[in-house]
Novice: 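Take this structure, written in C-alpha cells, and hold onto it; I'll ask about it next.
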Amino acid sequence: MARITLPDGSVLEVADGATLRQVAERIGPGLAKAALVGRIDGKLVDLSCSVQDGAQVQIITAKDAEGLDAMRHSCAHVMAEAICRIWPQTRLVYGPTVEDGFYYDIDLDEPIRPDDFARIEAEMAEIAKADQPFVRQEMGRNEALAKLAGDKYKTDNIQRVDSEVISFYSHGDGFQDLCRGPHVPSTGKVGAFKVMSVAGAYWHGDATQKMLQRVYGTAWPTKKELDEHLNRLEEAKRRDHRVLGRQLDLFSFSEMGPGFAFMHPKGMVIWNEIVGFLGGLNRKYRYKEIKTPIILNEELWRRSGHWDHYKENMYFSEIDGVGYAIKPMNCPGGCLVYGTTKHSYREFPMRIAEFGMVHRHEASGVMHGLFRVRQFTQDDAHIFCMPDQIEAEIIGVINLIFETYRSFGFSDFAIELSTKPINHIGSDEIWDTATDALKAALAHKEIQYKINEGDGAFYGPKIDFHIRDCLKRSWQVGTIQLDFSMPQRFELVYTAEDNTEKVPVMIHRAVLGSFERFMGILIEHYGGAMPVWLSPEQARVLPISEKTSDYGRAVQRRLFEAGVRCGADLSDEKIGAKIAKTHGEKVPYMLVVGPKEAESDTVSVRVRGSQDSRTMPVGQFLETATRKIADKDLGVEF
RNA sequence: GCUGCUGUAGCUCAGUCGGUAGAGCGCGUCCUUGGUAAGGACGAGGUCCUGGGUUCAAAUCCCAGCAGCAGCUCCA
C-alpha cells in the first residue's frame, strides 16, 4: 500500500506501484476522464507514471494551465505526424507551445501553403480519432545520440539538454519524437485544434542559419473555446488600426514613402488633442518646451555616440559638401541647447520637453501601420539635475505618466526596471545611486514592478511602462532612462554650490513614446469609437428631410461656435440611412431634427452604440456635451 | 534584412482553359421629402503594381524589381 497526499491535504491509500491514471479513477470517474497529466512531488509527469508511498500527487486537467500546455504540446506532436505523413521528407526541428497554441519548426524544402492546412487538419483528425496512446521511452544520452545519428536538429536538441536520461514519445506505430514530455494519455485528448499559419523562422533565431518553416496551430479543450479564440482574433482584426485608419479616413500610407504616415484632417484632430493634452501637462509639471532641428551636422552624431551605435538606422544627407544626418533621437539637440548658456545648480531641476520628430531607418520587414514607422514624433523630455534630485524627479515623472494613461482610458499598467548591463559606462557608485533612486521612487509610489537584471542601456538604468488595452494586449509606451554618458560626451556642466563645475545627471523620459504609435493603440483600444474629447467629429445633425435643413444648419452652427466639432448630413437620404452612415463613422452623438424639434428648439439625441433617443433642448445637449469634452469624460452616455 | 503569400475601380473583392474588364459599397446627376442602423433610376470611374520575357494573343504563364501582409531577426 502507498499513502499519497492530494492537493487538498487529504491522504489516499492506493496499491503500490499504482499509476496516476489509477489514482484519478480512485478519486472519481469524471476526473479520470478529464485527467491529462499529473504532478508528483512538484514534477510534471505522464498519467502512466507510478506513485510511491508518501508522494504529493496532483491530477491535472485542461482547466489547469499545465494541462492546457500539455494538451497543446501533444497536439503539436499530432500535427508533426500529420505533416510527416503528407511530406515524408520532412525533418522535425522543434515544437514548443506558445501563448494560445503551439508551433512546430520543420525543415522541408517544399513550401507549405495555407491551402494545405485543411489536409494537415484532416490527417490530424484521423490521428486524433485513432486515439493511440502516447508512450514514453527513456534511454541514456549516448544511446539517444546513436539513435539520432545523422539528424543534426535533434542531435543539437539533445546537446542542449542537461539530463543524462533522454526521453522519446511515440503515438501509434508511425511516429516518434525526442521530447521531454509530459504528454496527454492519448491522441484523442489533444482537444479542438486548428492549423493557423505558416511562416519562416531561423534555426535558433540566427539569421545566418537556415530558414525553417514554422507551422502555427492552436488547440483548446473544447470546440466552443476554440471558436471563442477564433472570435477574439476576429475582434482584434476588426479593431486593426490600419483598417480603421482607412475606413475612418484618419491617415494613410503611400508607396512614395514606405513607413511614413500621412495624417488626414480627421487624424490631425486626434493628433492635436493628444498634443494639446500633453502640452497642458508640461505646464502643470513645470516643463519648458524647445524645438530642435531635424537635420544636424554629422559631427554631432559622432560625438553623441550614435555614429558608433546607431549608424545603420540613420538617414544621411549632404549640404554644401558637408555631411549631415537626419536625427533619430532628440537628446543631442537638447544638449546643444543646454550648452548655449552657463547653468547653476539653482536652476535645477531643469525640465526641458520636446515634441521631436525623428527618423529611423527600420528594416523593411518590421514596419507595421502606425506601430512601427520610419518617421515619428516623440513626446520627449530631458531633465537636468543633481544626483540627490533624481528620486524626486522620477516620482514627478511617474505621476505625470499615470495621469496621462488614466486620461486616455488605460488603467492596467505594468512597470519594469532594468539594471546595469555587463557593458556599461560610469562608476559602480553612480549606477548604485541611480538604481537606488529609481527603486526608491517606485517604492514611494508603492508600485509593483519586475526587475530585468542587466537589461539597462549602457548609459544608465531605466524604467519602462506598459499598458494593457481592452483585449489585454500589452504595449510598451513610457520610459524613464538615466543617462551618465551624454552629459559627459557633450561636456555639459553646471556650477555647484561650492563654485566648482560638475556634470549634471540627465534623465530621458517619454510618456506615450510616439504619437503615431499611441494613436494606433488608442484606435485599437476603442475600436475606432473614440471618447468624445478625442472624436474627430463629436456630433452630427441629421435632418429628417430637407424641410428642416435650415434648422439643422442653425443647430450645427450654434454647436460649432460653442466649440463642439459638429457636422451635418444634409443629403437627401432617409433618416435611417443617415443614422447607419453616422454609426459607421463612429460619431458619438447623432442629433435628429425634424419639424417637431424645429418648433421647440430641441434635438433628438441618439448616442453612438445605443438604439434609444431622447429629445432635449439644444442648450441642454450643448451643456452636457461641452462638459463631457472639457472633463475628458471617457463615456459617451447621456 | 530573411522566408512565404498577395498586388484588378476610391474601398472590399470576383475574373473559368491565355482571347480587349466585373460586382457590392463609395462618388456624381435625377427622382423621392421620409421620424431613428442603408428607398429608386441613370452615370462617371481601370497604367489589371512596375519593367522585361514566352506567345498570333498575357490581368492570367515565367523572371526581376517595388509595395503590402504574416512570421523570424531587429527595435542601445
Side-chain angles (χ1 to χ4, degrees), chain A residues 98 103 105 108-116 196-216 237 240 242-243 246-247 249 252-259 304-306 308-313 328-329 331 360-369 371-374 376 418 421 423-425 455-460 462 476 479 481 483 485-486 508 513-514 517 542-549 571-585 590-597 604-615:
Chain A
V98 291
Y103 65 78
D105 279 349
L108 170 66
D109 290 330
E110 184 184 335
I112 294 180
R113 296 157 203 281
D115 292 346
D116 300 318
M196 300 298 288
S197 62
V198 58
Y202 302 113
W203 191 33
H204 293 164
D206 180 347
T208 62
Q209 295 288 344
K210 178 165 183 179
M211 177 68 73
L212 307 168
Q213 296 195 67
R214 177 168 295 178
V215 185
Y216 284 87
K237 223 172 174 180
D240 189 322
R242 295 167 299 182
V243 176
R246 189 186 305 116
Q247 280 173 1
D249 198 17
S252 62
F253 287 91
S254 162
E255 288 195 19
M256 294 298 107
S304 69
H306 287 86
D308 295 328
H309 290 100
Y310 209 70
K311 194 161 180 269
E312 308 70 46
N313 285 300
M329 295 185 198
C331 23
R360 297 180 185 178
H361 183 257
E362 302 286 355
S364 62
V366 307
M367 288 183 299
H368 185 95
F371 287 163
R372 196 79 181 270
V373 287
R374 286 176 170 168
F376 56 97
S418 297
N423 291 320
H424 63 272
I425 63 144
D455 224 20
F458 70 90
Y459 50 74
K462 62 173 181 173
Q476 207 234 292
T479 182
Q481 306 187 352
D483 188 345
S485 161
M486 201 78 71
H508 305 248
S514 122
R517 185 178 142 83
L542 308 177
I544 293 288
S545 79
E546 282 172 26
K547 288 174 183 163
T548 40
S549 282
S571 68
D572 60 356
E573 286 296 341
K574 298 214 284 194
I575 190 64
K578 290 183 183 181
I579 286 171
K581 190 167 187 288
T582 311
H583 256 296
E585 294 176 36
M590 284 160 260
L591 309 176
V592 178
V593 297
K596 275 188 290 183
E597 286 78 12
S604 170
V605 180
R606 180 171 168 146
V607 179
R608 178 181 66 200
S610 157
Q611 307 281 349
D612 315 323
S613 60
R614 265 177 61 196
T615 300

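Below, each value reflects all heavy atoms present in this structure, side chains not excepted, and no hydrogens, waters or symmetry copies. Every chain is numbered from 1, with letters handed out A, B, ... down the list of sequences.
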Novice: Counting only side-chain N and O atoms of A:Arg517, is one of them less than 4.0 Å from OP1 or OP2 of B:C75?
Specialist: no
Novice: Which is true for A:Gly594 with a 4.0 Å heavy-atom rule: it touches a base, it touches only sugar-phosphate, or it touches nothing?
Specialist: base
Novice: Is A:Arg608 close enough to B:A37 that one of its side-chain N or O atoms is under 4.0 Å from OP1 or OP2 there?
Specialist: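 For B:A37, neither OP1 nor OP2 has a side-chain N or O of A:Arg608 closer than 4.0 Å.
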Novice: Ion pair present between A:Glu362 and A:Arg372, side-chain N to carboxylate O less than 4.0 angstrom?
Specialist: yes
Novice: Which letter, B, S or -, goes with each nucleotide of nucleotides 23-34 of chain B from 5' to 3', with contact meaning a protein heavy atom under 4.0 Å?
Specialist: --------BBBB
Novice: Categorize A:Tyr216 for me: base, sugar-phosphate, or nothing, with a 4.0 angstrom heavy-atom threshold over every strand shown.
Specialist: sugar-phosphate
Novice: So A:Glu312, base contact, sugar-phosphate only, or nothing? Heavy-atom distance under 4.0 Å.
Specialist: nothing
Novice: Between A:Arg614 and A:Ser604, is there a side-chain heavy-atom distance shorter than 4.5 Å?
Specialist: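 Side chain of A:Ser604 against side chain of A:Arg614, heavy atoms only: no contact under 4.5 Å found.
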Novice: With heavy atoms under 4.0 Å as the rule, sort A:Val198 into base, sugar-phosphate or nothing.
Specialist: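 Answer is nothing: A:Val198 stays at 4.0 Å or more from every strand.
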Novice: Between A:Arg242 and A:Gly456, which is nearer to the 5' end of RNA chain B once each is assigned its nearest nucleotide?
Specialist: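 Looking at the nearest nucleotide for each, A:Arg242 comes out on the 5' side.
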Novice: So, does A:Tyr103 get its side chain near the phosphate of B:A70, meaning an N or O under 4.0 Å from OP1 or OP2?
Specialist: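 Checking A:Tyr103 against B:A70: no side-chain N or O falls below 4.0 Å of OP1 or OP2.
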Novice: Is there a side-chain polar atom (N or O) of A:Gln213 under 4.0 Å from OP1 or OP2 of B:G4?
Specialist: no
Novice: Would you say A:Arg246 reaches B:U12's phosphate, i.e. side-chain N/O to OP1/OP2 under 4.0 Å?
Specialist: yes
Novice: Are any of A:His368's side-chain N or O atoms less than 4.0 Å away from OP1 or OP2 of B:A70?
Specialist: yes
Novice: Please confirm whether any donor atom in the side chain of A:Arg372 sits under 3.5 Å from an acceptor in the base of B:C74, or the reverse.
Specialist: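 Answer yes: a donor N or O sits under 3.5 Å from an acceptor.
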